[in-house]
Every structure is written in C-alpha cells, then in structure tokens.
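Quick notes on the structure that follows.
Given the structure is predicted, the values throughout are model-derived calculations rather than measurements. So that the names make sense, note that chain A is the first sequence line, chain B the second, and so on, each numbered from 1.
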Protein chains: 2
Amino acid sequence: MARTREFDLDAAVDAAMDVFRRKGYEGTSMRDLSEATGLGSGSIYAAFGSKDGLYLAVLDLYRQRYATPMVDLLRSGNDPRAVIREVFIGAVDDITGDGRYLSCLIVGASMERAHQDVRVAERLRSTTQSLELALYDLLAEAQLRGQITTDRSATDLAGFLVTSLQGLRVMGAINPDRAALTRYAEVALTCLN
Amino acid sequence: MARTREFDLDAAVDAAMDVFRRKGYEGTSMRDLSEATGLGSGSIYAAFGSKDGLYLAVLDLYRQRYATPMVDLLRSGNDPRAVIREVFIGAVDDITGDGRYLSCLIVGASMERAHQDVRVAERLRSTTQSLELALYDLLAEAQLRGQITTDRSATDLAGFLVTSLQGLRVMGAINPDRAALTRYAEVALTCLN
DNA sequence: GCGGTACTTTGTCGATCGTTCCAGATAGCG
DNA sequence: CGCTATCTGGAACGATCGACAAAGTACCGC
C-alpha cells in the first residue's frame, strides 16, 4: 500500500455542498471549491474526477442526509397527519434556517442542471420518487383507515404534497418568512381532509 | 442628429430570455447572447450596459408577458374557481410546452440570482406579490359570497396557491408529465372547498 | 530502513469568461 | 452631397475558468 488519504472525504463533500447551495453549479469555481474544502484542485480531481463528479457526490450526500431521514420519518408508523406535518415543518425550518441563504440543492439542481446532465436528472427523479412512494404508502394506509379523504387517489395526494414542498422552497428563496411559509404548509395539509 | 438604432430592442430581449431560460444566468455566456440576439457584444453593452443589465431587462419582459396577463385574468371578474383553474392549466401548459426545456425564469432567478443581486430579488418579490394580491382580492370576494371556504384567510389561501404554482414548475423540470401535473393542480384547488 | 506507491501540492495549460475599444458603416442635417 | 454623430461587428483585453502534469511527501510491506 501507500500513503493514506489525509482528508475526510465526507467532510470535503459537505463543504462543497455548502458552496453549491449558495452559488449554484455554474456560479461555483474550482477555486471556490478548493478554498471551501481546503484541498488543492489536484486532490479534488484525484478524488472526484471532475467538477461534475464532485457535484454528483454532493447530490448523493444531500439525498442521504435530508431525503432519506424524511422517508424514514414517513415510514415510522406514527400518525399520518402528524408525520406529514413534521416533514413540512422540518422543510420550513431548513429553508428559513440560519439566514445563510442555503437554497435547496434539489430545487436548484432541477432548475440549473437537470436539463444539462442526465445523471443529475436521474438522481432527482429517484429522490422525488422515493419520497412520493413513502407518502403514497402512508396515505393509502390512512385512506383504508378512514383517516383522510378518499376523494383523491393516494398517488395524486402524494404528488401534490411533494409539489407543495418544492413550492415552499422556491417561496422561501424569494421571501424567507417562516410564519407565512408555515401557514401555507398548513393550507396544503387541509387537502387531506 | 445621426444614425438610428437598427435592431429591435424587444426582439433582442426576447431572444436573450430564451437562452437564459435554457441555460440559466451563469451558464449563459456573452457569446451565447450575441449569437441568440444576432448582435455584436458592443451593441449589447451599448444598449444594456452589462450582462446583468440584459438579465434585468429579460426579467421585466418576462413579467410583462406572463405575470401581467395572469393578473389580468384573475381580475377579469369571471368565476373565481374557473379563472384560478385556468391560471393553473396555463402554467402546466407553459411548463410542458414544447419540449425545449424552458424553465420558469422566475423560479430559476429565485434559486440562482435572488441571493446575489438585490435588484433581481426586488423584481421577484414584486412579481409574486402582485400575483398574490390579485388572488387575495379574488378570494376575499369569493369568501364573502360563500363560494369558497372561510376556514383559512384569503391571504393564506393566496400564498398557498402561488406556492403550488412554483412547486408545479419545479416538478415539471424534474418530470414533465402533463397529466400528473394537472392532477396535482386539481388537488391544490380542493383546498378552496 | 528502504523501495515502492498512493496521495498532496504546486504551477501552468489552452480556452473562455465579461468587458472594452476601435475602425468602418450608416443615416439625419445643413 | 459632405459632415458628423451614432451605431455596428469584431478584435483584443486581463482575468479566470476547468483540467492536468510533474514534483514532493508520507505511509506501507518487507
């Protein structure tokens, strides 16, 4: 064997995610990424191959950190309305979080990269579909128990809820008003009645 | 006096809008804009001052062309539910339009530029607020007439509807399925019941 | 402790970025 | 019709882009 890698790969991806969320893909330079990660550009290319490669790694980390826990929460077996509300509140918190203007990577990638890079498009579809599926399972079960409306199919309700989540992220970027976003989320939840 | 300007300014802005919608702000180069508008870079700088200046002009044209007609429709005096549905259908049509992947400039600008340029942020807030206001007036009137629910304030309902519109644009970028988007929009409208 | 190997660093590559400037073309005015 | 102010397209600017090669460094197995 040989010399071991000195830096924490995950920490580097984490730092890169921060930059990409603030500046977008095209707006971020390799220099920005070098400074944020503390790595030379050579190391970045050795580890990720290219700027695109690092972006994909960031996307995967984002999914693992934010989307997966959301899905787990939805599948936790708790009251449907309660967990869905929790997901929405969590999203609003994330949007209005610390004032550092960290856009949602998913929404940003959808707008900026989905049409340019098929690998990005695949990851986005996969992420939203797993979220939709978790919502579907939860809602279909709730419909059987008579806990929510059966006027609309669980599929449509799940898709609508994901749509609302994405919309909240956009609205939050325009005007990060936590109270208002929370009320909009509450209105969305009334569609389950 | 002397020589008059030869090209149509509005047509140039129109062509530039097309490029910005496809490639985003950072992803678009002055070369792209020159080719799209058919103008030399000198003419562009003489007319708009900078890339940012042209982008702001594009944003204003977008508002004039898409947001203003939407507001007019909402204020046309027709049945509330009908005009709101029409607005949503129109948005879905726009999203899934011609397969040329023309992202919504508003959403794209929200994600990519709102946090970098205050003039962009101002325009975005102004545009969404005029849309929210038109919806508010329509909904408040409808509430008085008992046509829609009074469980939620007209303010919240208006904000929620705008949120849903933005969400549809994001979902459309990920998966441009017109039928699905239409069903999600229908679910959103049930919140008025 | 030594050779080999993997990782890090540094410097630099050609290309392209947004911007500016200039020479030539053109239309209105006397 | 000449004069001149304005517009036009393209050349050229310094800076920075993403990417890479070569040199230096630390660790492993032996």
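Heavy atoms of A:Ser34 sit nowhere under 4.0 angstrom from any nucleic acid atom. Counting any heavy atom pair closer than 4.0 Å across all strands shown, A:Ser41 reaches a base atom.
We find the CG-CZ distance between A:Leu181 and A:Arg169 to be 11.0 Å, quoted to the nearest 0.5 Å.
Looking at which nucleotide of DNA chain D each of A:Gly42 and A:Arg31 is closest to, the 5′-most match is held by A:Arg31. Both A:Gly49 and A:Ser29 sit near DNA chain D, but only A:Ser29 has its closest nucleotide nearer the 5' end.
As a whole-Å value, the separation of B:Phe48 CZ from D:dC7 P is 13 Å. Atom-to-atom, CD1 of B:Ile44 to P of D:dG10 comes out at 12 Å; the value is rounded to the nearest Å. Spacing between atom NZ of B:Lys23 and atom C1' of C:dC17 amounts to 13 Å, rounded to whole angstrom units. If you measure from atom CE of B:Met30 to atom P of D:dG9, you get 13 Å, rounded to the nearest angstrom. In this structure, the OH atom of A:Tyr45 is 7 Å from the P atom of D:dG18, given to the nearest Å. Per the geometry, CG belonging to A:Leu33 stands 11 Å off P belonging to D:dA19, to the nearest Å.
Here the closest heavy-atom approach between residue A:Ala134 and residue A:Val71 is recorded as CB-CG1, 3.9 Å.
Relative to the side chain of B:Ser43, the nucleotides D:dC20, C:dT19, D:dT8 differ in distance, and D:dT8 lies closest. Comparing C:dT8, D:dG18, C:dT19 by their nearest atom to the side chain of A:Lys51 picks out D:dG18. In the set D:dG9, C:dG18, C:dT8, D:dG9 carries the atom at the smallest distance from any side-chain atom of B:Leu39.
Annotation: A:Tyr62, atom OH; neighbour count of heavy atoms from other residues, nucleotides and ligands within 6.0 Å is above 12.
Aromatic ring pairs are classed by plane angle as parallel below 30°, tilted from 30° to 60° and perpendicular above 60°; the pair B:Phe20 and B:Tyr25 is parallel.
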